[in-house]
Amino acid sequence: MEYNFREIEKKWQARWAAEKTFEVREDPSKPKYYVLDMFPYPSGAGLHVGHPLGYIASDIYSRYKRLCGFNVLHPMGYDAFGLPAEQYAIQTGQHPAVTTAKNIARYREQLDRLGFSYDWSREVRTCDPAYYKWTQWAFLKMFASWYDNDAQKARPISELEQIFSEKGSAGANAACGEEMNFSAEEWNAMNDKEKADVLMNFRIAYQGVTSVNWCPGLGTVLANDEVKEGYSVRGGFPVEQKKMTQWQLRVSAYAGRLLDDLEELDWSDSLKDMQRNWIGRSQGAEMIFKAYNGDKEYDMKIFTTRADTVFGVTFMVLAPESDWVEKLTSADQKKVVDEYLAYAKKKTERERIAETRKVTGVFSGSYAINPLTGEKVPVWISEYVLAGYGTGAIMAVPAHDSRDYAFAKTFGLPIIPLIEGCDVSESSFDAKEGIMCNSGFLNGMTVKEAIPAAIDYVEAHGIGHRKINYRLRDAIFSRQRYWGEPFPIYFKDGIATPMAEDSLPLELPEVDKFLPTESGEPPLGRAAGWNVDGYPIEKSTMPGFAGSSAYYLRYMDPHNDKALVSREADEYWRNVDLYIGGTEHATGHLIYSRFWNKFLYDLGYVCEKEPFRKLINQGMIQGRSNFVYRIVNTNTFVSYGLKDSYETTEIHVDVNIVHNDRLDMDAFRKWMPDFADAEFILENGEYICGYGIEKMSKSMYNVVNPDMVCDTYGADTLRLYEMFLGPLEQSKPWDTKGIDGVHRFLKRVWRMFYDKDGLIVTDEAPSPQELKTLHKLIAKIKEDIEAFSFNTAVSAFMIAVNELYEQKCNKRAVLEPLVILLSPFAPHISEELWAALGHSGSISFAAFPEYVAEYTVESACTYAVSFNGKTRFTLELPKAMPKDEVERNVLENPLSAKYIADGKVVKVIVVPGKIVNIVVK
RNA sequence: GCGGAUGUGGUGAAAUGGUAGACACGCCACUUUGAGGGGGUGGUGGGCGUAAGCCUGUGCGAGUUCGACUCUCGCCAUCCGCACCA
């Protein structure tokens, strides 16, 4: 009997679906394990071979965990709101809901073919009102909360109102936008609108004016992680800075916890570093400099990490967008300053990046007083200072900061060195080392001593205080687009008012066109009746990350219409044990989700403070493009090895008509009309194509569709091959070479069970040789799966099967455990063989085979081994050996062997004529 | 500039500090079947040699060690992230 993967795979996929094999429910008698894939955005192009890499890995792990007795939650769904569907809708007029549904159906078909063990009864779609009800619900909770910096948690906004009415703003240490000072009396005297405006400054979801990334090409604002090098990540349109009123989430309030809690996560160092970088903690001091603009004095606040250098301040710098600019521009400098502001404003983000290091700036006309020296220094305005970080103003120490140095050199400002022996004639001395000089009471200290000493002084004299600054900004939460969650907020007499929770979901209305209105309002401005009792509803929608921030919670209890997740389900499933997905979400989704989870945790809706315990970033699968070489001005193509003798043009050729770099010439002639009468110059009767590694994309003709691979080789082969390709976390090109090897392996497995007449499995007792092979494999597979080293696991299978095949092993006692081991990797063939062995239930519920230590050696013996007359090592052999045997082994008989003693693996290595060593694990 | 990762045959890659290159692709030879991208056996880092064998070899240079692809330091190269963050 032949290995007929087509029939086998169809049969078992149908069986799994019919028997709902992978549906799970909470079961306190079993330990839980939650394995999650980052759910895909269903694009119109369908899946290519790169997408399933992570899904295969997570499926292997899920199946493995099931074999180990865990109750495994392994769900899947779709991140279905997003720009591409809307852009497509604008072009074609098709409703995004229609195209999205179509794309989802296509994705599902493709996913099903790969034999994943998802519990589809838990599927979620972010664009489904029953789902986004809970996205809106969470938003309302954030709207109705404030962040208590003392308690380090979110609390209901009603409690803050209470505090204000009793103690005024001094009663709470609340995270806020702009600092406010008012008494209880002042608060109580405010009208509703005034109170609402004040509260808005404290809400976790709030509306405020901020400098945003405005993308004219998409007609919407974007979050920082949606912009790369001045262009939008989606679509690649230029992005500019603009001040606008937008909904925002106070993510910055959670910066400290987001940073600290990284410690306990089992994530890669590089990913944790990316997040640390993004959060950007820096420790320093906030200091006050008195500043005069000629007739008025202000307290100007700056942030510095180098308080020790305050004696070297020779000027101050303001960001052009800073509020201080207006206050500190003197009458006679107003014209120059205005010109500079206009110049700075005109520049796009991209131009600023391109012109990095170009020094520009103007004098404001004001002076500030150094609070330590009493010296008067000029206040300048320059774009090298960022408005969004710190206070938007700095003290400049040109001797010890390279940016200040460049500025001072350009504008001829003084430079005072503060560290003994440093040379600042050519460049600044930025290192935090050396002995202080020219620095009053700090003289003689090292820099490391001087920093805290300076801050102590500043605090003692009321000039400033210690401060930790974060780079993490609040997330801009509104988009001027159609295809997203509507905000359940309406404006009653100008006051943002939440809709009642029981009125949710607020469904996305129909519109005639998916474009902004004539007056420039977002598309929802076109919706008829978009109001509550005549009060207008918010017209922006939520961004993509809204729906993906808590989806892992919804999977725990997807059909609950009373809560995001019930307490019971949450307490059983808790959080994701293993999360697999791409690095591209490092500073977006993975920050927002952690924030969202922490917020819900603060309010007591979830029981874990982190959503994803262990995270693995699978590498990207790149495309491997093939080329043919057309001789210029002809329709003749020359094979790769001969192309240098001709003048040729390189042309991409569809990789699907190339096999192992050999071109299918007939298929090529049919591929495009232009090539119908193509002639070929061959090497050894074949046309060899050139190749290159590029991104997998339609235009390079290098997209490999998993359906194609399933048709030719089967899903099991595809699964094994993707794992065999190399380490999971590494990026690698898709190369069809080698897939035959994996397919051959499966056929060989099949032939161990079947010859041409039928099943050949016997009940004979296995030989020690066969058992050794099997037990080695069991140990190796367990170890490799737990280490996510799937490529070496596949190799281990090949080695074991080669050994068993050579021994013509067809014994049940060996083959049965073998097929269980294989089942996470190649589930279809495993089910088929499992059934052939006479089992009626699914192999998914078999038990992972146990390692049997047949070869355990009882006791260990110790030998001293000498080398060149000196005793070098103590050799512990796992079993007693005569002395001469040891010596013979050491000196004559090179060998390397593994023993098992007391459950430990002991490896003995003997190098010819030299030395013996022993490693105990 | 800062941070992280990686560097091993023609290719994808293996190697708890212990015989480097397992396993697979490709290639070569032989073999089997009535051909259909079939099955099997053997070979395959480089150099020298008919051969047994010898020399050499994990980006470069030092170091630790009886022993280094592996650990330490310094370079070089590639990839990824961040980037005027005071």
Side-chain angles (χ1 to χ4, degrees), chain A residues 2 228-229 268-278 280-282 284 302-306 309 317 319 352-353 355-359 382-386 388-397 400-404 406-407 430 469-473 583-584 586-587 617 619-620 659-662 664 691 712 721 724-727 729-745 747-748 751 783 789 791-802 805-806 865 867-868 870 872-873 894-896 905 907-912 914-921:
Chain A
E2 283 296 301
K228 225 171 204 181
E229 288 167 10
S268 72
D269 286 340
S270 68
L271 191 69
K272 284 188 187 179
D273 268 343
M274 269 192 232
Q275 290 215 341
R276 286 194 192 106
N277 224 313
W278 192 259
R281 179 185 199 269
S282 52
I302 59 100
F303 174 77
T304 180
T305 54
R306 293 293 302 273
T309 61
V317 189
R352 278 207 191 186
I353 289 165
E355 292 172 16
T356 315
R357 310 280 169 205
K358 184 178 158 194
V359 182
S382 172
E383 58 181 343
Y384 88 87
V385 173
L386 304 175
Y389 183 75
T391 62
I394 63 154
M395 63 177 213
V397 186
H400 302 289
D401 183 288
S402 54
R403 296 153 301 179
D404 298 345
F407 196 80
D430 291 12
N469 233 327
Y470 294 99
R471 234 163 76 192
L472 186 70
R473 317 281 172 84
T583 354
E584 66 271 22
T587 52
N617 290 121
M620 272 228 292
H659 189 76
N660 287 348
D661 288 340
R662 277 131 182 92
D664 180 338
Y691 69 91
T712 335
Y721 186 56
F724 184 67
L725 221 43
E729 308 199 49
Q730 187 176 304
S731 285
K732 55 232 156 187
W734 175 263
D735 187 349
T736 326
K737 268 186 194 170
I739 197 165
D740 293 306
V742 171
H743 191 59
R744 247 171 243 158
F745 160 75
K747 286 200 281 196
R748 186 171 269 207
R751 286 203 306 274
E783 192 186 313
S789 178
N791 55 327
T792 52
V794 176
S795 293
F797 276 119
M798 291 181 176
I799 294 167
V801 165
N802 285 350
Y805 194 78
E806 218 167 280
V865 176
F867 175 61
N868 290 348
K870 273 194 274 180
R872 296 283 197 183
F873 297 105
L895 64 90
S896 171
V905 179
K907 193 173 182 185
V908 182
I909 295 98
V910 183
V911 179
K914 282 188 179 171
I915 239 45
V916 180
N917 196 6
I918 186 99
V919 187
V920 180
K921 206 178 190 175

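Naming: A, B, ... by sequence-line order, numbering from 1 per chain.
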#### Entry: side chain to side chain contact (heavy atoms under 4.5 Å, CB included) against A:S795, all qualifying residues, sequence neighbours excluded
A:F724
### Task
Could you check A:R471 against A:S789 and say which one's nearest nucleotide on RNA chain B is further toward the 5' end?
A:S789
### Query
B:rC84 pairs with which nucleotide, Watson-Crick or G-U wobble, both distances below 3.5 Å?
none
### Message
Apply the syn/anti split at 90° from 0 to B:rG9 and say which one it is.
### Response
syn
### Query
Below 4.0 angstrom from OP1 or OP2 of B:rC80, is there any side-chain N or O of A:S731?
no
### Task
Just call it for A:I394: base, sugar-phosphate, or nothing, with non-hydrogen atoms closer than 4.0 Å on any strand.
base
### Query
For A:N802, does its backbone N or O pair with a side-chain atom of A:R748 as donor and acceptor, under 3.5 Å?
no
### Message
Taking 4.0 Å as the cut-off, does a side-chain nitrogen or oxygen of A:K747 come that near to OP1 or OP2 on B:rG39?
### Response
yes
### Query
Taking the C1' atom of each, how far is B:rA20 from B:rA29, in whole Å?
27 Å
### Query
Should B:rA29 form a Watson-Crick or G-U wobble pair with both distances under 3.5 Å, which nucleotide is its partner?
B:rU41
### Pairwise C1' distance, B:rA22 and B:rA15 [rounded to whole Å]
8 Å
### Task
Determine the Euclidean distance between corresponding P atoms of B:rG21 and B:rU6; express it in Å to zero decimal places.
23 Å
### Message
Would you measure the distance from the P atom in B:rU50 across to the matching atom in B:rG39 and give it in whole Å?
### Response
37 Å
### Summary
In Watson-Crick or G-U wobble terms, with both distances under 3.5 Å, the base opposite B:rG57 is none
### Query
How far, in whole Å, is B:rG4 from B:rG74 if one measures between their P atoms?
12 Å
### Between B:rG37 (P) and A:D664 (CG): distance, integer Å
11 Å
#### Entry: Minimum-distance nucleotide to A:Y805 side chain [options: B:rG4, B:rC82, B:rG40]
B:rG40
### Query
Atom CZ of A:R473 and atom C1' of B:rA83: how far apart are they, to the nearest Å?
12 Å
### Query
Are any non-hydrogen side-chain atoms of A:L725 and A:Q730 less than 4.5 angstrom apart?
no
### Task
Would you please name every residue forming a ring-ring contact (aromatic ring centres under 6.0 Å, His included) with A:Y721, sequence neighbours left out?
A:W734
### Task
Rounded to the nearest angstrom, tell me the gap between atom CG in A:L271 and atom C1' in B:rG3.
13 Å
### Taking every non-hydrogen atom, the tightest pair across A:R306 and A:H400
NH1-O, 4.4 Å
### Task
Would you mind classifying the nucleic acid contact of A:P733 as base, sugar-phosphate or nothing, using non-hydrogen atoms under 4.0 angstrom?
nothing
### Query
Sequence neighbours excluded, which residues qualify as side chain to side chain contact (heavy atoms under 4.5 Å, CB included) partners of A:A586?
A:L271, A:M274
### Query
Within the structure shown, what part of the strands sits under 4.0 Å from A:R751 by heavy-atom distance: base, sugar-phosphate, or nothing?
sugar-phosphate
### Task
Could you check how far CG of A:L386 sits from P of B:rC82, rounded to whole Å?
16 Å
### Query
Hey, does A:T712 reach any base, or is it just sugar-phosphate, or nothing, if we go heavy atoms under 4.0 Å?
base
### Query
How far does the P atom of B:rA52 sit from the matching atom of B:rG45, given to the nearest Å?
14 Å
## Note on the structure
Separation of B:rA13 atom P from A:E729 atom CD, nearest Å, is 14 Å
### Task
Please list, chain by chain and in numerical order, all residues satisfying side chain to side chain contact (heavy atoms under 4.5 Å, CB included) with A:S282, sequence neighbours excluded.
A:F303, A:T305, A:Y389, A:N469
### Query
side chain to side chain contact (heavy atoms under 4.5 Å, CB included) with A:K747: which residues, sequence neighbours excluded?
A:Y3, A:H743, A:R751
#### Entry: Nucleotide forming a Watson-Crick or wobble pair with B:rC66, both distances under 3.5 Å
B:rG18
### Ion pair A:K272/A:D269, N-O distance below 4.0 Å
no
### Spacing of A:F745 atom CZ relative to B:rG39 atom P, expressed in whole Å
14 Å
### Task
To the nearest Å, give me how far apart CG (A:D269) and P (B:rA5) are.
7 Å
### Query
Partner of B:rA5 by Watson-Crick or G-U wobble geometry, both contacts under 3.5 Å, or none?
B:rU78
### Message
Counting only side-chain nitrogens and oxygens, does A:Q730 get under 4.0 Å of the OP1 or OP2 atom of B:rA13?
### Response
yes
### Task
Send over the distance from A:Y389 OH to B:rC82 C1', rounded to a whole Å.
14 Å
### Summary
Interatomic distance, CE@A:M620 vs OG1@A:T583, rounded to 0.5 Å, equals 8.0 Å
### Message
When the C1' atoms of B:rC73 and B:rU19 are compared, how many Å lie between them, rounded to an integer?
### Response
29 Å
### Message
For a quick check, with a 4.0 angstrom heavy-atom cut-off, what is the B/S/- contact string for nucleotides 22-30 of chain B, read 5' to 3'?
### Response
BBSSSS---
### Query
With both distances under 3.5 Å as the test, what is the Watson-Crick or G-U wobble partner of B:rG49?
none
### Message
Taking the C1' atom in each of B:rG59 and B:rA68, what is the distance between them to the nearest angstrom?
### Response
16 Å
